[in-house]
Every structure is written in structure tokens, then in C-alpha cells.
Amino acid sequence: MGLRIYLDGKFVDEPDAKVSVFDHGFLYGDGVFEGIRAYHNSVFRLKDHVDRLYDSAKAINLEIPISKEEMSNVIVDTCRQNELKDAYIRAVVSRGKGDLGLDPKKCNIATVVCIASSITLYPDETYTNGLTVITVPTRRNGPEGVNPRIKSLNYLNNIMAKIEANIAGVPEAILLNQEGYVAECTGDNIFMVKNGVLKTPAIHLGMLEGVTRNEVIKLAQKNGIPVEETTFTRYDLFVADEVFLTGTAAELIPVTKIDGRVIGDGKPGPVFATLLNEFRELVKEPEGPEAVIFK
Ligand code: PXG
């Protein structure tokens, strides 16, 4: 059986989940989205993702035609409809159908889509051997343009960086910000460890404030690992003891080579191991007020 997709108020079969070619999400990349995971019948940090979706929409002056509560129910119901215990969920809100001009005034109502599917992960050995990544010429777009905190449907900047990684034959790219400081990767945030201190770029340097990033910061604090949200360069990454990435899909993934430099001893480090372990514990048996169980 194919997927059941939520589209503008109802669930339809995948072949019927169609959006107009006049939708400004298609014509202009005008819209916002979220990538969310469910573990063991529970949507992970649903509130954080829904809040970020509505903040992204607010920032681009896009009115989402359903409430946050309705959106949360849509996300959970999409998992139920597809009988998925573990899922990768995509919530998309586009400006909706307009005319060929870019003016969003012509779009009467936003299009709301929710897809829940299984997830494709990095192969197991990546978690034991680590990724080889590069920094790329494409810079993270700064807040003077489309603010990178907005999870917009305009991912071309990140896609350019991904293409540069593809051409170099590596799976991920590190983007620097306009000033040359480390920002993030194409779909993941970045962390480094030096002398026992966990460091990640401060949000104001221009990046998406990842849900996973924030969880990892909390887990580090809980485990007595000092954390700094700070500013660093490629040099700091080259001489780091450990580097790893965080994101909804990848969870935590180690990086063992950057621009040809071996990081630390070339193996995933102890801080990474501790935090990955803690993170996997966190998603194992969802409980507490933040767990939305949909069994
Ligand atoms: N930075 C960017 C630019 C992202 O798009 C993250 C960081 C991590 O955030 P979370 O909240 O997931 O911890 C993201 C989100 C993909 C893909 O297919 C990944 C994202 C978005 C869209 C597609 O790899 N990651």
C-alpha cells in the first residue's frame, strides 16, 4: 500500500497528493517546512518543531491556515494513517496557488502538506569510522538576505554547497558564514571538542537553530561537559580533538577528516560516544511532558 499524505485538510493516497503548478512553493520556493522524526510511536520534540515552523512562517509573513494544535494533530495523524512507529516526517506549508507573478498577495490560502515515511540513514560504519567532509566556496546566506534561521523552501544555497561536496566526492559540506567563521553543514549543525570543551557556533553567526543541536547542548550540560556557543574558524576544526554533526535525520554523526586534515586520532572521540549514547537513550523510551505518544 502506498503512502497516505495529508493535503489541505484531508488524507489522500500518494498518487492523488498533487499541488498546482501555480503554487508559489513550486514557482518561487515560497514557503516553509520542517523535518521531524518519530521514535517508538512518539514524535520527537513535536512542540519545538511546530514552534519553529510557525516562527519561520511568521518571518516570511505567511499565514498558516490551521492552528499549532491542529498542525500537531496532523503530524501525529499522518504517522497513524501510515502505521509508522518510527518515521521521518515532512511538514510543508507553501504560499499557495497564485498567478505567475511573484506577489504573494495573489495567493489566497497557504497549501499545507504532511508526509510521513521511513528514513534513510547513513550506513552503520559511518558512525564508527566517521565522515570525510570539506569546506566549500558557497557561503551560508546571511541574515541580511533570507535569514538562515528560517527553514524556508528556498534551500538552493545549501543545495549549491551539497553539489560542491558531491563534485568532491564527499557526503557533506561545511559552510562558512559571510565573515569566514564556521556556520553549519547543508542539513546539519556542527560541534567540535577541544581540551574537553564542547563548542558549537553561536546562532547569531547565521544558521538554523537545530532541535538536535539544542538537545545535544542540554545532554552535554547534564553530563558535566562544558559547552560554549562561540565563534570558530576552519583552523579550530583542523586542530580539534573531535568534530561531529547533528540533525534530525543523522542524529549525531562523527567527522574524522576535513579538507584533507585528519581530526584528532582519526576516530570518533569519547565525547561524541557519550553524547550519541545519551541521545539514543533519550529517544529510546519517550516519556515526560515532551513525549507525544500516538499509539
Ligand atoms: N541546519 C540546516 C540548514 C538544516 O536544514 C539542521 C541544521 C538540523 O536541524 P534539526 O532541527 O533537524 O536538528 C537542518 C535540518 C536532509 C535534510 O534530507 C535535512 C534537514 C532539512 C532538510 C533535509 O538531509 N535538516
Side-chain angles (χ1 to χ4, degrees), residues 25 29 31-39 43-56 59 75 87-94 113-123 126 131 133 135-136 138-143 145-166 170-177 181-191 200-220 229 243-253 255 275-276 278-280 282-283 290:
V32 294
F33 76 103
E34 276 298 316
I36 312 168
R37 263 176 96 161
Y39 296 91
V43 179
F44 186 66
R45 298 296 179 263
L46 178 59
K47 183 178 184 299
D48 292 349
H49 284 286
V50 170
D51 284 347
R52 189 170 67 184
L53 182 69
Y54 280 71
D55 285 349
S56 294
I75 290 165
Y88 187 62
I89 305 155
R90 180 61 53 92
V92 184
V93 184
S94 76
V113 171
C114 187
I115 308 163
S117 183
S118 52
I119 183 157
T120 13
L121 298 169
Y122 279 113
T126 337
L131 296 179
V133 306
T135 55
V136 290
T138 296
R139 296 288 175 100
R140 192 64 169 103
N141 49 301
V146 177
N147 194 301
R149 294 189 65 174
I150 302 169
K151 207 161 162 58
S152 87
L153 292 182
N154 246 286
Y155 254 54
L156 207 41
N157 195 82
N158 301 45
I159 291 165
M160 291 294 288
K162 192 67 156 189
I163 289 167
E164 286 156 359
N166 288 346
V170 296
E172 238 322 344
I174 297 169
L175 291 96
L176 307 178
N177 74 3
Y181 295 111
V182 174
E184 60 175 341
C185 292
T186 64
D188 291 304
N189 291 112
I190 188 163
F191 283 82
T200 195
I203 296 300
H204 70 81
L205 294 171
M207 75 210 65
L208 188 78
E209 184 176 354
V211 170
T212 320
R213 170 192 186 274
N214 290 350
E215 288 301 323
V216 166
I217 291 173
K218 279 193 256 167
L219 288 173
E229 294 180 62
V243 174
F244 61 89
L245 314 180
T246 66
T248 294
E251 300 179 321
L252 284 74
I253 191 127
V255 171
L275 292 171
L276 178 62
E278 287 283 320
F279 188 83
R280 293 207 163 143
L282 187 68
V283 299
E290 283 154 339

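Treat the numbers as computed from the prediction; the structure is a model and nothing was measured. Every number for a ligand or one of its atoms is a count from 1 in the order of the listing. The figures here come from the full heavy-atom set of this structure, side chains too, leaving out hydrogens, waters and symmetry mates.
Not a single salt bridge (Lys or Arg N to Asp or Glu O under 4.0 Å) links Arg139 to another residue, sequence neighbours left out.
Aromatic ring pairs are classed by plane angle as parallel below 30°, tilted from 30° to 60° and perpendicular above 60°; the pair Tyr39 and Phe44 is perpendicular.
We find that Glu209 and Lys151 are not joined by a salt bridge, their nearest charged nitrogen and carboxylate oxygen being 4.0 Å or further apart. Between Arg90 and Glu34, no side-chain nitrogen of the basic residue sits less than 4.0 Å from a carboxylate oxygen of the acidic one, so the salt-bridge criterion is not met. Using a cutoff of 4.0 Å between basic side-chain nitrogens and carboxylate oxygens, Asp51 and Lys47 are scored as salt-bridged. For the pair Arg280 and Glu251, the salt-bridge criterion is met [side-chain N within less than 4.0 Å of a carboxylate O].
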I'd like a table of the close N/O pairs between ligand 1 and the protein (anything under 3.5 Å), one pair per line with both atom names and the distance.
residue  : atom   : partner : partner atom : Å
ligand 1 : 1 (N)  : Glu184  : OE1          : 2.6
ligand 1 : 5 (O)  : Lys151  : NZ           : 3.1
ligand 1 : 5 (O)  : Tyr155  : OH           : 2.4
ligand 1 : 11 (O) : Arg52   : NH1          : 2.9
ligand 1 : 11 (O) : Arg52   : NH2          : 3.0
ligand 1 : 11 (O) : Val211  : N            : 2.8
ligand 1 : 12 (O) : Thr248  : N            : 2.9
ligand 1 : 12 (O) : Thr248  : OG1          : 2.5
ligand 1 : 13 (O) : Val211  : N            : 3.4
ligand 1 : 13 (O) : Thr212  : N            : 3.0
ligand 1 : 13 (O) : Thr212  : OG1          : 2.6
ligand 1 : 25 (N) : Gly187  : O            : 3.0

